[in-house]
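Working notes, structure below.
Atoms within a ligand are numbered from 1 in the order they appear, just like the ligands themselves. In this chain, residues are counted from 1 in sequence order.
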Amino acid sequence: MPENKGLDMEAFLQHPEVRKVTKSITPILQERLKYIPPVCEVFKEHFTRIENNLSYEFQIHPAAKQLLPLIIDNVVQQIVPADSPDEAFKKEYVKERNIGIVFSGGPAPGGHNVIAGLFDAMKTASPSSRLYGFILGPDGILEDDYMEITQRMVDHHRNYGSFSMIKTGRTKIDSKAKMALALENCKKLNLDALVIVGGDDSNTNAAFLAQEFHKDGIQVIGVPKTIDGDIQVKDKNGNVLCAVSFGFHSAARAFASDISNLSNDGNSDVKYWHICKVMGRVASHLGLEVALQVHPNIFLIGEEMADYIDSARIEKAKKEGTVDYTAYGMTLRHVSRMICDGIVRRAAVGKNYGIIVIPEGVLEFINEIQVFIIKLNTIIAEYNQTHDLDFHSAFPTLEDKLDYLRRLVRLSREDKTFSTWNTRDDDLFNDLPAFFQEGLLTERDSHGNFQFSQVETEKVLMGLVQDYLKILKNRGDYKVGIKPDWYRKTLAKAGLNPDAFGPVLFKNYGSGAPCLLVKSSIVSNKTLKQELVRGGQIGNTEDIPAAIQKVYQTSVPKFKTQNHFYGYDGRGSDPTWFDCTYTYNLGHTVFSLIANKATGQMAAIKNLEKDFSQWEPIGIPIAPLMHLEERKGKLELVLERSIVDTNSPAYNVVKALQNEWLSATTGPDNYRNPGPIRFEGKNINVRPLTLTLNNLGRSKLTDS
Ligand code: FBP
């Protein structure tokens, strides 16, 4: 009988208690919407000005000098109080302005607070100023699609995750025609300034737009956004100007919260290895932060693989009088062996379960894969430049694409000057599983970047791991360790003498080891029986006793995995207190830079790695940070992305604790549970652990 028989649903839905539990705005969200993050001391002033700080120097690329002449001489600007400003300054500061803002690239928690900070600062200076949000990213600028951001809209999005207010997109304003159209539309709106909230590519775009809009007096300011954490700015002497982009902390904490829940499940049910791929594109910053947050049993950091040198191979080659180039950098096989080593060590102490964290971009650091990515990038870009139909439309299926590659092989045979794709490349590529070939051939994004999130990195690696574990199992080198007490109890219950069977079954019986390991020679029922007969424990025609069978079966590892991808969920998470405060102050910084006529600068907060009281709002010149990089098959001037520094304290702490976190002992695991992102409560003023450790490491170095 249905429960709601006779229930007047319309009336029921109107009941205050029902309305309370069914409405979309939860009490937690209400708290978030009400909260106004603290601002840096300087923003409590009525007027701020900018002070050039010439102590920071940059290695300027000649191409940047040539292509961005109007903003290349920009310097670091500090936002300071404007003490006793004159009337002209005040008038300029509070003048009515039209400011446009756009989100560019993937969402990152905190974006709405950039808008809120800018809106609040702008309206405080002059209530009649207007803030326009371009819809769906840079497309909104090109298509003249915008909305005026109102107080109500801002109040409905304060401290709230996502970019839902004005949405985002990945279009790049990268041609003369698009630049002209963007300028025309900004002029139509009578904009004084355009604010681009984005990652490295979007800030690159901001620099070019600043150069282009200069003559028309439209200022362009960038804001460092990306969960990947790869916008980190130092000057040429290593002084940190921007420790991390916004959104990184929240995404890492969101991933960590989920992964630590998995470790709770994993070490209760003890049957799965959870393979956790985390976003972050090329750099492993998110992987490193997540590792520090959750203490996984095994983790990979892409950057260390590129630096790897196999000394044994080098020695061997030296003795043979040859050079082994494969000794430099890690191979896929080597990485899979490292993972197997951890799995086998844990199994030996009875732990046939665990957590593995794999950054999504790890393959970029594996030599053989990097070569494929670069070559295929070039092939696709060259094809797109010379044909009307783009590569992916021309070759829709994997077979079509492979066929095209084979045509290139033929070309390389006929024309010796063509070396982009040869027989060796094709043979190696054909050894890869089809899903991985497909992944490597996926469409590049609008900036020409390889889309790591579309590749099943974990499947590639874990496929090799499965294969090697099978070999180890057949060799008898992969066994689940048996607790001696359990062994004794099991045999005693069956009326068997543990001390008689022990030396026959185990290679370390009587050694006092915390776990007993079945002999390598025992890999099947047949070999088990052979050992028992040889050891005189049963006769040739006797069956294996059930208790012995049980002990043996317990020692046979079943490698069961669950794959997880942490990415889009973390990008959409609500911001941590750190990101709420960081972004709200970034919004204020943007306004200060605009009110002080800056352009071609990226708003930033210095000292993020320190206590909030030490945060300093600054403007960082974008042009001097740029260098040449290969994009879409040609060299382009772009903002340099930072990757994990393998000399950094945070990286070295993780490496030093790697063995502890593997927990290949019979003791408890060392998992860490950072808990969910809480908005209120104690310890809200926390920052990324990587920032904390790097800061502590740096100050320790300067102390000693
Ligand atoms: P941004 O660099 O634009 O912030 O985006 C980062 C990111 O989240 C990466 O971590 C991920 O590889 C990629 O975006 C996914 O892109 P898409 O949204 O196109 O799937």
Tell me the protein heavy atom at minimum distance from [atom], and give that distance in Å.
atom: atom 3 (O) of ligand 1; result: Gly106 N, 2.8 Å
atom: atom 10 (O) of ligand 1; result: Asp228 OD1, 2.6 Å
atom: atom 16 (O) of ligand 1; result: Arg170 NH2, 3.0 Å
atom: atom 2 (O) of ligand 1; result: Thr226 OG1, 3.3 Å
atom: atom 12 (O) of ligand 1; result: Glu360 OE2, 2.6 Å
atom: atom 20 (O) of ligand 1; result: Tyr568 OH, 2.5 Å

Exercise for the section: Check whether any side-chain N or O of Asn607 sits under 3.5 Å from a backbone N or O of Glu616 as a donor-acceptor pair, and report yes or no. Expected result: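 No.
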Handout entry: Whether Glu438 side chain and Leu398 backbone form a donor-acceptor pair below 3.5 Å
Key =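 A pair under 3.5 Å: no.
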Exercise for the section: Decide if the gap between the ring center of Tyr582 and the ring center of His249 is smaller than 6.0 angstrom. Expected result: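 Between Tyr582 and His249, the centre distance exceeds or equals 6.0 Å.
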Problem - Centroid-centroid under 6.0 Å between Tyr404 and Tyr383 rings - result: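 Between Tyr404 and Tyr383, the centre distance is under 6.0 Å.
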I'd like to know if [X] and [Y] make a salt bridge, using a cut-off of under 4.0 Å between side-chain N and carboxylate O.
X: Lys655; Y: Glu304; value: yes
X: Asp139; Y: Arg170; value: no
X: Lys277; Y: Glu360; value: no
X: Glu212; Y: Lys178; value: no

Exercise for the section: Decide whether the shortest distance between a heavy atom of Gly199 and an atom of ligand 1 is less than 4.0 Å. Expected result: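 No, Gly199 has no heavy atom closer than 4.0 Å to ligand 1.
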Problem - Sub-4.0 Å heavy-atom approach of Ala108 to ligand 1 - result: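 Distance cut 4.0 Å: Ala108 fails for ligand 1.
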Handout entry: Contact atoms of ligand 1, heavy-atom distance to Gly105 under 4.0 Å
Key =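 Every atom of ligand 1 under 4.0 Å from some heavy atom of Gly105: 3 (O).
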Handout entry: Ser453: numbered ligand 1 atoms lying under 4.0 Å from its heavy atoms
Key =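 Ligand 1 atoms under the 4.0 Å threshold to Ser453: 12 (O), 15 (C), 20 (O).
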Exercise for the section: Flag Phe452 as yes when one of its N or O atoms lies below 3.5 Å from any N or O atom of ligand 1, and as no otherwise. Expected result: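 Looking only at distances, the answer is no, because the N/O contact criterion of under 3.5 Å is not met.
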Problem - Heavy-atom nearest neighbour of atom 15 (C) of ligand 1 within options Arg571, Gln451, Lys225 - result: Arg571
